[in-house]
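These notes concern the structure reproduced below.
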Protein chains: 2
Amino acid sequence: MDEVFQALSDSTRRQMLRDLAASDRTVSELAAPHPMSLAAASKHIRVLENAGLIRREVEGRTHRCHLEAGPLAAAHDELGFYEQFWTSSLNTLDRLLREEAAQETESSRTTSDPQPKDD
Amino acid sequence: MDEVFQALSDSTRRQMLRDLAASDRTVSELAAPHPMSLAAASKHIRVLENAGLIRREVEGRTHRCHLEAGPLAAAHDELGFYEQFWTSSLNTLDRLLREEAAQETESSRTTSDPQPKDD
DNA sequence: AATTTATTAAACCAATCGGTTGACTAATAA
DNA sequence: TTATTAGTCAACCGATTGGTTTAATAAATT
């Protein structure tokens, strides 16, 4: 997971993923839009590959790259955990407290007492 | 966005966000579970703050940290773009081609996307 | 007033990052 | 055969990262 988010933290690499979403691309094709050496782009692609975000098929002297969505799904899912915090800002506190109460498995930490807001 | 994914790329920081999802925490409370100096944890918290993922309220000598979900929503949304690639592997190519064709007009960005679920 | 507590600041370190250049390999084209 | 093309490798560079330790600051406690 570290590697996935790390790979996503560079806009060059995110652009490459976007391009791959449109269609498979060779290394040169992926590199073309970016103002850097081919070697630098090649390293970016390697980072994406090591994170499992792309797969590579060697065809003769060209390498055809293909988007691999699994890790993206995992990352998406991990962020989905926080969905409660951006859907309905006012509802959030209420929902959280209820879920926390329902999940009364480990409450050894100093959880602040839910104080009734009389607004 | 770079900063957000960069912040998310460290498991210590992801754990801190998880903790903050349960409740607001002070710097010491956030640092406690992690086998490192308080100064190191403090730097992690700074990274999260700079990425806009947490807000800090200074109360006397303690700093109370609060989860800020906006950037998480943005990241979630960005990854959501690739949802087509992990939902129904065989259907993907077909759907992509159709959506690409439909987007050729680019007239309205309505969120209505009724997909006939034939599983 | 003196001390403890919560936190940051500063200097340092080894490792990694994102980029460069130049040499190299292997497949294709002339 | 000889270039040309596609791509990687290796060495190097400056900046950043994630950690350390030792102060420093400011608030709370005694």
Side-chain angles (χ1 to χ4, degrees), chain A residues 1-20 23-68 71 75 109-112, chain B residues 1-20 23-68 71 75:
Chain A
M1 201 79 286
D2 289 39
E3 276 177 304
V4 174
F5 282 119
Q6 176 62 35
L8 289 170
S9 76
D10 185 277
S11 70
T12 295
R13 291 191 291 258
R14 288 199 303 278
Q15 184 58 55
M16 286 175 168
L17 290 182
R18 286 269 171 179
D19 291 347
L20 287 172
S23 72
D24 290 358
R25 300 283 162 94
T26 69
V27 168
S28 302
E29 287 169 351
L30 280 177
H34 304 286
M36 63 182 67
S37 69
L38 181 62
S42 176
K43 285 209 257 181
H44 280 299
I45 293 169
R46 174 61 49 96
V47 170
L48 291 169
E49 194 178 16
N50 288 340
L53 289 166
I54 74 178
R55 181 169 34 94
R56 183 193 304 246
E57 277 174 43
V58 179
E59 299 174 355
R61 66 180 163 179
T62 79
H63 299 196
R64 180 146 270 99
C65 299
H66 173 83
L67 184 64
E68 204 65 50
R109 187 170 289 281
T110 52
T111 50
S112 56
Chain B
M1 203 80 286
D2 289 40
E3 276 177 304
V4 174
F5 282 118
Q6 175 63 34
L8 289 170
S9 76
D10 184 277
S11 70
T12 296
R13 292 192 289 260
R14 287 200 304 277
Q15 185 56 57
M16 287 176 167
L17 290 182
R18 286 266 170 181
D19 291 346
L20 286 171
S23 72
D24 290 358
R25 300 282 161 94
T26 70
V27 169
S28 301
E29 286 170 350
L30 279 177
H34 304 286
M36 63 181 68
S37 69
L38 182 61
S42 175
K43 286 208 256 181
H44 280 299
I45 293 169
R46 174 61 50 94
V47 170
L48 291 169
E49 194 179 16
N50 288 341
L53 289 166
I54 73 178
R55 183 169 31 95
R56 183 193 305 246
E57 277 173 44
V58 180
E59 299 174 356
R61 65 181 163 179
T62 79
H63 299 195
R64 180 147 268 100
C65 298
H66 172 84
L67 184 66
E68 204 65 50

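Numbered from 1 within each chain, the chains take letters A, B, ... in sequence-line order.
- Every residue meeting the side chain to side chain contact (heavy atoms under 4.5 Å, CB included) condition with B:V47, not counting sequence neighbours, appears here in chain and number order: B:A7, B:R13.
- Under the salt bridge (charged side-chain N to carboxylate O under 4.0 Å, His left out) criterion, A:R25 pairs with no residue, sequence neighbours left out.
- Taking atom CG of A:L8 as the reference point, atom P of C:dC17 lies 14 Å away to the nearest angstrom.
- Every residue two or more places apart in sequence or in another chain was checked for a side chain to side chain donor-acceptor pair (under 3.5 Å) with A:S42, and none qualifies.
- Taking atom CG of A:D2 as the reference point, atom C1' of D:dT17 lies 13 Å away to the nearest angstrom.
- Under the 3.5 Å distance criterion, the side-chain polar atoms of B:R55 are left unmatched by any main-chain donor or acceptor of B:E68.
- To the nearest angstrom, C1' of C:dT7 lies 13 Å from CE of B:M16.
- Applying the salt bridge (charged side-chain N to carboxylate O under 4.0 Å, His left out) definition to pairs two or more places apart or across chains, those involving residues 26-47 of chain A are A:R46-A:E49.
- Of the charged side-chain nitrogens involved, at least one lies within less than 4.0 Å of a carboxylate oxygen, so that B:R64 and B:E59 count as a salt-bridged pair.
- C:dT5 atom P lies 18 Å from atom CZ of B:R64, rounded to whole Å.
- Here C:dA6 presents its P atom at 14 Å from CG of B:L30, a figure rounded to the nearest Å.
- For A:D24, there are no salt bridge (charged side-chain N to carboxylate O under 4.0 Å, His left out) partners, not counting sequence neighbours.
- A close approach under 4.0 Å does not occur between any side-chain nitrogen or oxygen of B:S28 and OP1 or OP2 of C:dA6.
- Atom P of nucleotide C:dT16 and atom CD of B:Q6 are separated by 14 Å, given to the nearest angstrom.
- Going from atom NE2 of A:H34 over to atom C1' of C:dG18 covers 14 Å, rounded to whole Å.
- Of the residues in residues 45-55 of chain A, not one places a heavy atom less than 4.0 Å from an atom of DNA chain C.
- Partners of A:R18 according to the salt bridge (charged side-chain N to carboxylate O under 4.0 Å, His left out) rule, which considers only residues two or more places apart in sequence or in another chain, do not exist here.
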Give the B/S/- string for nucleotides 19-30 of chain C, one per nucleotide from 5' to 3', where a protein heavy atom under 4.0 Å of the base yields B, of only the sugar-phosphate yields S, and otherwise -.
BBB-----BS--

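- Under the side chain to side chain contact (heavy atoms under 4.5 Å, CB included) criterion, A:A40 pairs with A:M36, A:S37, not counting sequence neighbours.
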